[in-house]
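Report on one structure; see the data block that follows.
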Protein chains: 2
Amino acid sequence: MPFTRLEFAVFAVREGTLQVLLARRAEAPHAGRWALPGGVLRVDLDASLDAAAQRVATERLGAPLPLLRQLCAVGGPQRDPRAPWALSVVYRGLVPADAPDFSAGKRIEALAWRSVDEAIAAPLAFDHATLVDKAVRAMRADIDVLDLPFGCLPEAFTLGELQSFCEHVLGHPLDKSSFRRRLSDRDLLVPVEGEFRVGAFRPAQLFRGPRA
Amino acid sequence: MPFTRLEFAVFAVREGTLQVLLARRAEAPHAGRWALPGGVLRVDLDASLDAAAQRVATERLGAPLPLLRQLCAVGGPQRDPRAPWALSVVYRGLVPADAPDFSAGKRIEALAWRSVDEAIAAPLAFDHATLVDKAVRAMRADIDVLDLPFGCLPEAFTLGELQSFCEHVLGHPLDKSSFRRRLSDRDLLVPVEGEFRVGAFRPAQLFRGPRA
DNA sequence: CTGTGTTCGTTGCTAAATGCAACTAAGGAG
DNA sequence: CTCCTTAGTTGCATTTAGCAACGAACACAG
């Protein structure tokens, strides 16, 4: 089996835009350049690909990543000069804006959030710009069919918060009444009876995701 | 890098149902049992995962497989007793019913088509029943959004043939007028002017897929 | 106490997409 | 010529999504 890596396209809505977590590589190849964070599979430690992804995420980013989904696998002989043939299994994830900050782990000089538009246009290492683009499309397709990342929101949230989050990921506004109709038609949310988000204006009903 | 395999969930509409191509394994593990056909990655031969998939398909099945799409990657330590850790990249494909018959290649005792319902219920080797199910869902999702496998039809085909093919893959009937409207709204087909499929009844206009 | 601004939540209407059923057209078989 | 079957279209009902407006609730300013 060739040299196998797990790589992560982790997104968050920060500063009003969709951002992706990038790592500046400490070692060759592409030392000093920005790339998706990742690490190598350890056959002595990992009980599955998904478990390997969690382990590497924890090691390199300082925190586990819930809601990881497999994006694709890519591989070839020129992928990484350290091995004659390298294979990467790429995962995508979405985390809350207020997540505990990640801390750069082994073989990473620095971690930074960058807006996806910049990241796709920037000369990321390897084919990582392509992977970011692919991951964004997959996330947006999920939201289009209301497969929503409830883990990225507070335990209880308002419909306004949910809609705003989706709009930031999608990159375009949604219709309020249509969004709410589609949610309630599918019984995707459970209202937390009697609980409201209070603030400067009219209080808003709080909801939880399904199977909560 | 661990022991890496390419595996194939290849489908065809045969005998009025959606069938999947299975191979009876000649060697351990699971010798004698039915499984998805596949083979190992060769780092000395393969320039990419997709190229590896084509090479293995040709070797094991006696023919290349157009329209292969990556389904997922799975891996773990107990996946294959021949190695301490095994990784499989799974591809899905759809081939014409009249495709040249596949011939069992290395390490395969026999090849057979089996209906997907049976295959999913049958005790296939490894987790292959799960993979078949996942591949079927992915194919159906493609057709739902009119991402159609034109390579599975003759060079030129009638709308009736196309619809019937889709119905067999989906497992349920489609509405004729709606199907045709959706196709023409999206400019997915090009009529072959003046060409008709003649037969026992009214001749039918022939079409080609896009970018043809 | 009263207006004003903002968000929340809902309603009514419009437009688009889809599903259903019927119809006509075209050919072969008898 | 009639009947049968498939091809292709049409009209209409139903569903779905988008758009705009409305009243409700609350904080704040005056």
Side-chain angles (χ1 to χ4, degrees), chain A residues 13 16 97 140-148 150 153-209, chain B residues 13 16 97 140-148 150 153-209:
Chain A
V13 174
R140 289 178 174 165
D142 281 351
I143 292 182
D144 281 336
V145 296
L146 294 185
D147 181 355
L148 304 176
F150 293 111
L153 292 161
E155 184 89 5
F157 48 85
T158 70
L159 295 182
E161 290 162 1
L162 176 61
Q163 180 178 344
S164 170
F165 181 83
C166 291
E167 287 172 336
H168 281 114
V169 175
L170 290 172
H172 65 80
L174 293 170
D175 177 69
K176 181 165 60 163
S177 65
S178 176
F179 184 67
R180 286 153 121 97
R181 242 187 330 230
R182 298 208 300 148
L183 286 169
S184 70
D185 285 351
R186 281 153 236 234
D187 290 317
L188 281 176
L189 299 179
V190 183
V192 185
E193 299 297 345
E195 293 282 318
F196 297 88
R197 173 89 72 229
V198 296
F201 307 108
R202 175 176 172 176
Q205 175 69 54
L206 287 173
F207 291 84
R208 291 175 186 282
Chain B
V13 174
R140 289 178 175 164
D142 280 351
I143 292 183
D144 281 337
V145 296
L146 293 185
D147 181 356
L148 303 177
F150 293 110
L153 291 161
E155 185 89 5
F157 49 85
T158 70
L159 295 182
E161 291 163 0
L162 176 60
Q163 181 178 343
S164 170
F165 181 83
C166 291
E167 288 173 334
H168 281 114
V169 175
L170 290 172
H172 64 78
L174 294 169
D175 177 69
K176 182 166 60 163
S177 66
S178 177
F179 184 67
R180 287 155 119 98
R181 241 185 331 225
R182 297 209 299 148
L183 286 169
S184 70
D185 285 352
R186 282 152 233 232
D187 290 315
L188 281 175
L189 300 178
V190 183
V192 185
E193 299 295 345
E195 293 282 317
F196 297 87
R197 174 88 72 227
V198 295
F201 307 108
R202 173 176 174 176
Q205 174 70 54
L206 287 173
F207 291 83
R208 291 176 186 281

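All values below come from the heavy atoms of this structure, side chains included, with hydrogens, waters and symmetry mates left out. These numbers were taken from a predicted model, which means no experiment stands behind them.
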Side-chain donor or acceptor of [X] under 3.5 Å from a matching atom on the base of [N]?
{"X": "A:Thr158", "N": "C:dC8", "result": "no"}
{"X": "B:Arg181", "N": "C:dG19", "result": "yes"}
{"X": "A:Arg202", "N": "D:dC26", "result": "no"}

Calculate the interatomic distance between [X] atom [atom1] and [N] atom [atom2]; express it in whole Å.
{"X": "A:Phe201", "N": "C:dT4", "atom1": "CZ", "atom2": "P", "value": "16 Å"}
{"X": "A:Gln205", "N": "C:dC8", "atom1": "CD", "atom2": "C1'", "value": "11 Å"}
{"X": "B:Asp175", "N": "C:dC20", "atom1": "CG", "atom2": "P", "value": "7 Å"}
{"X": "A:Phe179", "N": "C:dT10", "atom1": "CZ", "atom2": "P", "value": "14 Å"}
{"X": "A:Glu167", "N": "D:dG18", "atom1": "CD", "atom2": "C1'", "value": "14 Å"}
{"X": "A:Leu183", "N": "C:dT10", "atom1": "CG", "atom2": "P", "value": "12 Å"}
{"X": "A:Glu161", "N": "C:dT7", "atom1": "CD", "atom2": "P", "value": "13 Å"}
{"X": "A:Phe196", "N": "C:dG9", "atom1": "CZ", "atom2": "C1'", "value": "11 Å"}

Checklist entry - Closer to the 5' end of DNA chain C via nearest nucleotide, is it A:Ala200 or A:Gly160? => result A:Ala200
Next on the checklist: Which is more 5' along DNA chain C, the nucleotide nearest B:Arg186 or the one nearest B:Lys176? Just name the residue.
Outcome noted: B:Arg186
Please examine the side chains of [Y] and [X], heavy atoms only from C-beta on, and report whether any two atoms are closer than 4.5 Å.
{"X": "A:Cys166", "Y": "A:Leu148", "result": "yes"}
{"X": "A:Arg208", "Y": "A:Leu189", "result": "no"}
{"X": "A:Leu159", "Y": "A:Phe207", "result": "yes"}

Item to check | Point-to-point distance, once rounded to the nearest 0.5 Å, from CD of B:Gln205 to OG1 of B:Thr158 | outcome: 10.0 Å
Next on the checklist: Side-chain N or O of B:Ser178 versus OP1/OP2 of C:dG19: is the shortest distance under 4.0 Å?
Outcome noted: yes
Checklist entry - So, is A:Arg180 near the phosphate of C:dG9, with a side-chain N or O under 4.0 Å from OP1 or OP2? => result yes
Checklist entry - When you look at A:Leu162 and A:Phe179, which way does the side-chain contact (heavy atoms from CB on, under 4.5 Å) test go after all the steps? => result CA-CA 10 Å; A:Leu162 176 61; A:Phe179 184 67; 4.0 Å; yes
